[in-house]
Structures are given as C-alpha cells and as structure tokens.
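To find a chain, count down the sequence lines: A is the first, B the second, and so on, and within it residues start at 1.
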Number of protein chains: 2
Amino acid sequence: MANLDICRDCAVRDQALCASLSDTELAALNTIGRRQSVGRGETVIWAGDESIVCANLLSGMLKLVAATSDGREQIVGLLHPADFVGQAYAGLADFTITALTDAELCVFPRAAFQRVLEDHGRMERLLLQRTLAALSDARGRMLSLARKSAEEKIADFLLQMALRASGTGCRATPDGPLTFDLPLTRGQIGDILGLTIETVSRQMTRLKGAGVIGLPGGRAVTISDRSALEMRARAA
Amino acid sequence: MANLDICRDCAVRDQALCASLSDTELAALNTIGRRQSVGRGETVIWAGDESIVCANLLSGMLKLVAATSDGREQIVGLLHPADFVGQAYAGLADFTITALTDAELCVFPRAAFQRVLEDHGRMERLLLQRTLAALSDARGRMLSLARKSAEEKIADFLLQMALRASGTGCRATPDGPLTFDLPLTRGQIGDILGLTIETVSRQMTRLKGAGVIGLPGGRAVTISDRSALEMRARAA
DNA sequence: CGCCCATTTGAAAAGAGTCAAACGTAGTGG
DNA sequence: CCACTACGTTTGACTCTTTTCAAATGGGCG
C-alpha cells in the first residue's frame with residue numbers, strides 16, 4: 001500500500017510535528033493522512049467554514065488572511081514548509097488560508113489528528129511550543145503594524161527576507177552586498193505590512209535612491225548597505 | 001501548613017488551568033506555588049529578562065507590552081483573572097507584563113511548573129487550547145491595528161468593554177442604554193488600539209456628539225444607541 | 001483651596017492613502 | 001521573431017486621516 005510509504009520520503013519528516021514520533025508511531029498517522037497538492041492562489045481553508053482538516057506543509061508557502069466585511073485584508077501569518085496548518089481544537093476556522101505558491105500538504109481529518117495528538121504527549125508538547133512561538137511572533141508583529149512607519153516596516157521586512165534567503169541568495173563577499181529574489185509581489189508585501197502597493201513601491205524606490213538597496217530588476221533585491229538598512233529599521 | 005490550603009479558597013480554582021486537576025493532584029502544585037500581590041503599575045516580568053516564573057492571575061488585570069527601542073509602546077495582550085501569566089518553554093521573556101490594577105498572582109517557578117505540565121496531559125492540553133485562542137485573538141487584533149480607522153477601533157473597543165461589563169454595568173431596560181466605567185485611561189486605550197490619546201479623546205467626543213454614546217463624567221460611558229455603534233464598528 | 005493628573009480642544013504638519021496614468025516585463029500566439 | 005496582451009510596478013498629483021505640539025479645561029484628593 002502506497003500509504004505506508006507516505007512518510008518514508010517526506011521532505012519534512014524531521015522538522016514537522018511528526019519528528020516527535022518514532023517510526024512505529026508514524027504508522028498510525030500514515031493510516032489517516034494523505035498527500036494533497038494545491039496550486040498557487042488556491043484556498044485551502046475558508047474563514048468561517050467548519051475546521052475539518054489539519055495538515056503539515058510539505059513544500060511551498062501559505063498565507064493566513066484576516067479580512068473585514070468590506071474587503072480590507074491583512075495577512076496575519078505565513079506558513080513555511082514543515083509548519084502545521086489548521087486549527088486543532090477549533091470549531092470554525094478563524095482565517096482563510098491560501099497558497100502563495102504551488103504547495104504540497106500532508107492532510108489529516110481534524111478529529112482523527114486530535115486523537116493522535118492526545119495519545120502522544122510529546123507531539124502535543126511540540127505543537128504547544130510552536131503555538132507559543134507563533135503567538136509571540138504575532139504579538140511582535142502587532143507592535144510593527146501599529147507603531148512603525150512605512151520606512152521602518154519595509155527595512156525590517158527586507159532584513160528578514162535577507163536572513164531567510166541568505167542560504168540561497170548570492171553574495172560576492174561574506175559581509176558584502178547580498179542579492180536575492182523576493183518571493184512576493186508588492187501587493188502581498190503590503191498585505192503583510194499593513195501598507196498599500198504604492199507605499200511599498202515608493203519606500204523601495206526611496207531606499208534605492210539613498211543607495212541602501214539596489215533593485216536590479218524583476219523581483220530581485222540587493223542589500224548594498226546592511227547597516228544603513230538596520231538603522232532605518234531601528235525600531236525593534 | 002498554610003500552603004496546603006492555598007487552593008481551597010482560590011477564586012479561580014474552577015476557571016484557571018488548575019481546573020484540570022483533581023484535588024489530590026492539586027497538592028503537587030500547592031507545594032511549589034505561592035501567592036503574591038502586586039500594586040497597580042508594578043511590573044511582574046520585564047521583556048528580555050530570563051523567564052523564570054509562571055503564574056495564574058487570581059484578581060486584577062495585567063497588560064503585555066511590546067516596545068520599540070525608542071520608546072513607542074503597544075499593548076499586545078490583556079490578562080484577566082484565571083488567565084495564565086508567563087511563557088512556558090521560553091528562555092527569555094518576550095514582553096513586559098505590568099499590573100493595570102492592583103492584582104494577585106499564584107506564582108510558580110517555571111521549571112517546576114513545566115514539570116507538572118509534562119506530568120498532566122490534561123493540563124497541558126488546556127494550556128494549548130488557551131494559547132490557540134490567544135493566537136487567534138492576537139491575529140484578529142492585527143487586522144484591527146493595521147486596517148481599521150480610528151472610529152472603527154473605538155466603536156469596536158466600546159462594544160467589547162460593554163460586553164465584558166454587561167454583568168456589572170447598570171441599565172434601565174434590557175435593551176436600553178447601558179452605562180459602565182471604563183477601567184482604563186485614554187492613554188491605555190490608545191496603547192491598545194494603536195492610537196494617540198488625543199485621537200481617542202476626539203473620537204469619543206465625536207461619538208457623543210452624534211448621540212451614539214454618552215460621557216456622564218469621570219470614567220463612565222453610556223451606550224445610548226448600540227446599533228449605531230455597531231454600524232461604526234462594521235469592519236469585522 | 002490648590003495641586004496634580006487626565007482629558008479636551010485647537011491649529012498646523014506629516015504621513016499614508018486614493019485615483020489615475022505611464023511604464024516594464026513576461027508569456028502567448030500569430 | 002515579433003507584436004500583443006496581461007499583470008505587476010512605478011510615478012504623479014491630490015486628499016484625508018491621524019499625529020504632533022500647545023494650551024485650556026476639568027476633576028479628585030490632600
């Protein structure tokens with residue numbers, strides 16, 4: 001049965017919640033999980049719908065979106081490979097979850113997953129720790145959204161992206177300029193930072209004009225003067 | 001030993017995490033917990049300090065504050081009686097926790113508390129559920145902070161306070177005007193909503209001028225036209 | 001009674017949003 | 001291979017909300 005092999009070649013076997021399970025315990029999950037692909041832009045969970053699935057994100061990136069009744073939107077979280085998707089112990093989904101890129105999920109029925117969780121204290125503890133980290137992250141972001149200027153938000157964001165890209169990005173010298181591709185459109189950056197497309201664009205242009213960053217074209221960004229960028233992101 | 005009685009007359013015995021414990025299990029906590037009083041304005045935990053204590057809040061109200069290096073502040077969470085205080089599984093505290101009113105805590109050394117948590121799956125599950133709820137709340141607040149207008153924020157806030165006060169508040173008829181005291185200063189409201197004192201004050205005056213609310217004086221507020229207030233808070 | 005603190009009010013300035021149009025880039029099909 | 005199209009980005013001019021700075025008002029308490 002292919003299902004039994006589902007975890008053997010799992011890209012995130014050691015980073016996802018499953019890392020807390022032994023090979024034999026994994027068999028239990030195997031029987032209830034299934035792989036699922038979603039295309040860029042596809043929505044995995046709609047806010048308000050019954051929260052019936054949980055999943056591990058295998059590849060790609062998802063966004064959690066909160067929206068007002070009149071259509072204003074705010075990205076309230078990003079999910080990366082190995083992150084847990086969905087809300088255990090919740091009746092209705094609070095946020096809409098949509099794929100930012102093509103993505104692959106390892107999906108479980110929520111009720112069944114919850115049962116596994118209850119039987120495996122180590123796994124539940126891992127989920128608790130991740131949830132606590134997500135909570136701290138969300139609260140830190142509240143400070144940014146409410147109190148930082150557009151320039152601070154953009155500078156901060158670029159530094160974070162640089163950090164995440166420093167593995168894949170290309171740089172000439174260890175501490176020299178770093179170039180990488182932003183995996184997001186200006187609009188998506190705005191949705192994350194609580195800004196409009198135009199403001200994002202203008203701030204980028206402004207940083208470029210100040211010689212702090214370069215915009216070689218396409219979706220690429222070069223951090224020419226990291227410490228200057230850090231100054232502009234000063235607000236912790 | 002007085003310590004053994006610490007839980008017997010606990011005001012939040014059935015609402016706090018301890019509700020998941022039997023009387024006998026409670027004895028274990030009893031041996032490591034102690035009561036502590038803090039005065040209004042006193043800080044319980046400083047951001048950046050080693051996170052060495054956890055606690056249950058018995059009475060009063062605490063605020064979680066995030067701050068930028070140059071002094072801008074944002075309240076990122078409020079704690080009410082029976083809420084859990086502190087960060088399990090965290091090295092350094094991420095936020096400063098300060099008493100908004102005189103308060104009483106039931107304090108545990110973090111390491112010891114963590115051990116109890118690990119021995120009592122039901123308690124850990126309860127903490128997980130609370131943390132998940134706090135995360136949803138924080139994310140919802142991100143939408144408000146980033147996308148709502150000052151008027152929407154204030155209207156929303158007043159409705160929430162009215163809800164929480166509807167038990168204690170005073171009203172003539174079931175669906176008529178409701179009057180209650182705001183337990184916060186304008187400045188603190190601003191810190192919660194991401195606004196300045198002046199903006200909070202102006203919006204309140206504006207709502208009063210529109211006949212939606214009344215400001216009888218002191219810290220009191222009257223909701224005269226609830227549905228009008230709901231209209232102005234329209235953004236979910 | 002007077003002082004301290006929170007609140008209110010006013011006027012001016014700044015920051016970001018809105019509307020609108022031009023510009024680039026990438027991918028499609030002739 | 002080039003033209004066309006669709007989409008994202010940049011730029012400009014203008015508006016509006018909120019902040020900032022400043023001063024007046026008000027209330028509670030010693």
Side-chain angles (χ1 to χ4, degrees), chain A residues 39-41 68 70-74 100-102 143-158 181-210 213-222 232 234-235, chain B residues 40-41 68 70-74 100-101 143-158 181-210 213-222 232 234-235:
Chain A
R40 178 191 145 111
T68 61
D70 63 344
R72 283 169 283 175
E73 287 190 1
Q74 176 64 39
L100 282 172
T101 66
D102 289 345
L143 174 64
S144 296
L145 289 173
R147 302 297 189 185
K148 288 197 196 168
S149 69
E151 184 183 52
E152 287 170 325
K153 288 177 182 176
I154 294 287
D156 222 52
F157 174 78
L158 289 177
D181 272 352
L182 286 178
L184 302 163
T185 68
R186 298 284 185 269
Q188 288 166 339
I189 296 172
D191 283 348
I192 291 171
L193 301 179
L195 301 170
T196 60
I197 293 180
E198 295 94 327
T199 302
V200 173
S201 179
R202 272 189 253 271
Q203 291 299 334
M204 295 268 223
T205 310
R206 206 150 151 269
L207 287 173
K208 178 175 135 195
I213 64 170
L215 298 171
R219 202 146 287 170
V221 182
T222 303
R232 285 162 199 260
R234 72 184 118 61
Chain B
R40 178 192 145 110
T68 61
D70 64 343
R72 284 169 283 175
E73 287 191 359
Q74 176 64 38
L100 282 172
T101 65
L143 174 64
S144 297
L145 289 173
R147 302 297 188 184
K148 287 196 196 169
S149 69
E151 183 182 52
E152 288 170 325
K153 288 177 182 176
I154 294 288
D156 222 52
F157 175 77
L158 288 176
D181 272 351
L182 285 177
L184 302 162
T185 68
R186 298 284 186 270
Q188 288 166 340
I189 296 172
D191 283 349
I192 291 170
L193 302 178
L195 301 170
T196 60
I197 293 179
E198 295 93 327
T199 303
V200 173
S201 178
R202 273 189 252 271
Q203 291 298 333
M204 295 269 223
T205 311
R206 207 150 149 269
L207 287 173
K208 178 175 135 197
I213 63 170
L215 298 172
R219 203 146 286 171
V221 182
T222 303
R232 286 163 198 260
R234 70 181 123 55

[atom1]-[atom2] distance between [X] and [Y], expressed to the nearest 0.5 angstrom:
X: A:L100; Y: A:Q188; atom1: CG; atom2: CD; result: 5.0 Å
X: A:L195; Y: A:S201; atom1: CG; atom2: OG; result: 12.0 Å
X: B:K148; Y: A:T68; atom1: NZ; atom2: OG1; result: 8.5 Å

Kindly calculate the angle separating the two end axes of the helix from C:dC1-D:dG30 to C:dG30-D:dC1, each obtained from five base pairs, and round it to 10 degrees. 30°

Spell out, as yes or no, whether a donor-acceptor pair under 3.5 Å connects the side chain of B:R72 to the backbone of A:R147. yes

Is there a side chain to side chain contact (heavy atoms under 4.5 Å, CB included) between B:L184 and B:F157 once you walk through the steps? CA-CA 11 Å; B:L184 302 162; B:F157 175 77; 3.7 Å; yes

Could you go through the side chain to side chain contact (heavy atoms under 4.5 Å, CB included) check for A:K153 and A:Q203 one step at a time? CA-CA 10 Å; A:K153 288 177 182 176; A:Q203 291 299 334; over 6 Å; no

Between [N] atom [atom2] and [X] atom [atom1], what is the distance in whole Å?
X: A:I154; N: D:dT9; atom1: CD1; atom2: P; result: 12 Å
X: A:M204; N: D:dT10; atom1: CE; atom2: P; result: 7 Å
X: A:K208; N: D:dT11; atom1: NZ; atom2: P; result: 6 Å

A:T185 versus A:R219: any side-chain heavy-atom pair under 4.5 Å? yes

Partner of B:I189 under side chain to side chain contact (heavy atoms under 4.5 Å, CB included), chosen from B:I192, B:D191, B:L193: B:L193

Per the side chain to side chain contact (heavy atoms under 4.5 Å, CB included) rule, which among A:L215, A:D181, A:L207 passes with A:V221? A:L215

What string of B, S and - do you get for nucleotides 25-30 of chain D, 5' to 3', when a contact is any protein heavy atom under 4.0 Å? ------

Can you name the closest pair of heavy atoms from [X] and [Y] and give their distance?
X: B:T199; Y: B:A150; answer: CG2-CB, 3.7 Å
X: B:P216; Y: B:A220; answer: CD-O, 3.5 Å
X: A:A146; Y: B:G194; answer: CB-CA, 4.2 Å

Under the rule for side chain to side chain donor-acceptor pair (under 3.5 Å), what residues qualify as partners of B:S149, not counting sequence neighbours? B:E152

When you look at B:L158 and B:M204, which way does the side chain to side chain contact (heavy atoms under 4.5 Å, CB included) test go after all the steps? CA-CA 10 Å; B:L158 288 176; B:M204 295 269 223; 4.2 Å; yes

Protein-nucleotides 3-8 of chain D N/O pairs under 3.5 Å:
residue	atom	partner	partner atom	Å
D:dG8	O3'	A:R219	NH2	3.4

Any base atoms under 4.0 Å from B:T205, or only sugar-phosphate, or nothing? Heavy atoms, all strands. sugar-phosphate

Boundaries of the DNA chain C segment in contact with chain A, non-hydrogen, under 4.0 Å: C:dA16 to C:dC19

Please walk me through it: do A:R206 and A:I154 pass side chain to side chain contact (heavy atoms under 4.5 Å, CB included)? CA-CA 11 Å; A:R206 206 150 151 269; A:I154 294 287; over 6 Å; no

Identify each atom pair where a protein N or O and an N or O of nucleotides 16-19 of chain D are less than 3.5 Å apart, giving names and distance.
residue	atom	partner	partner atom	Å
D:dT18	OP1	B:A150	N	2.7
D:dT19	OP2	B:T196	OG1	3.3
D:dT19	OP2	B:T199	OG1	2.3

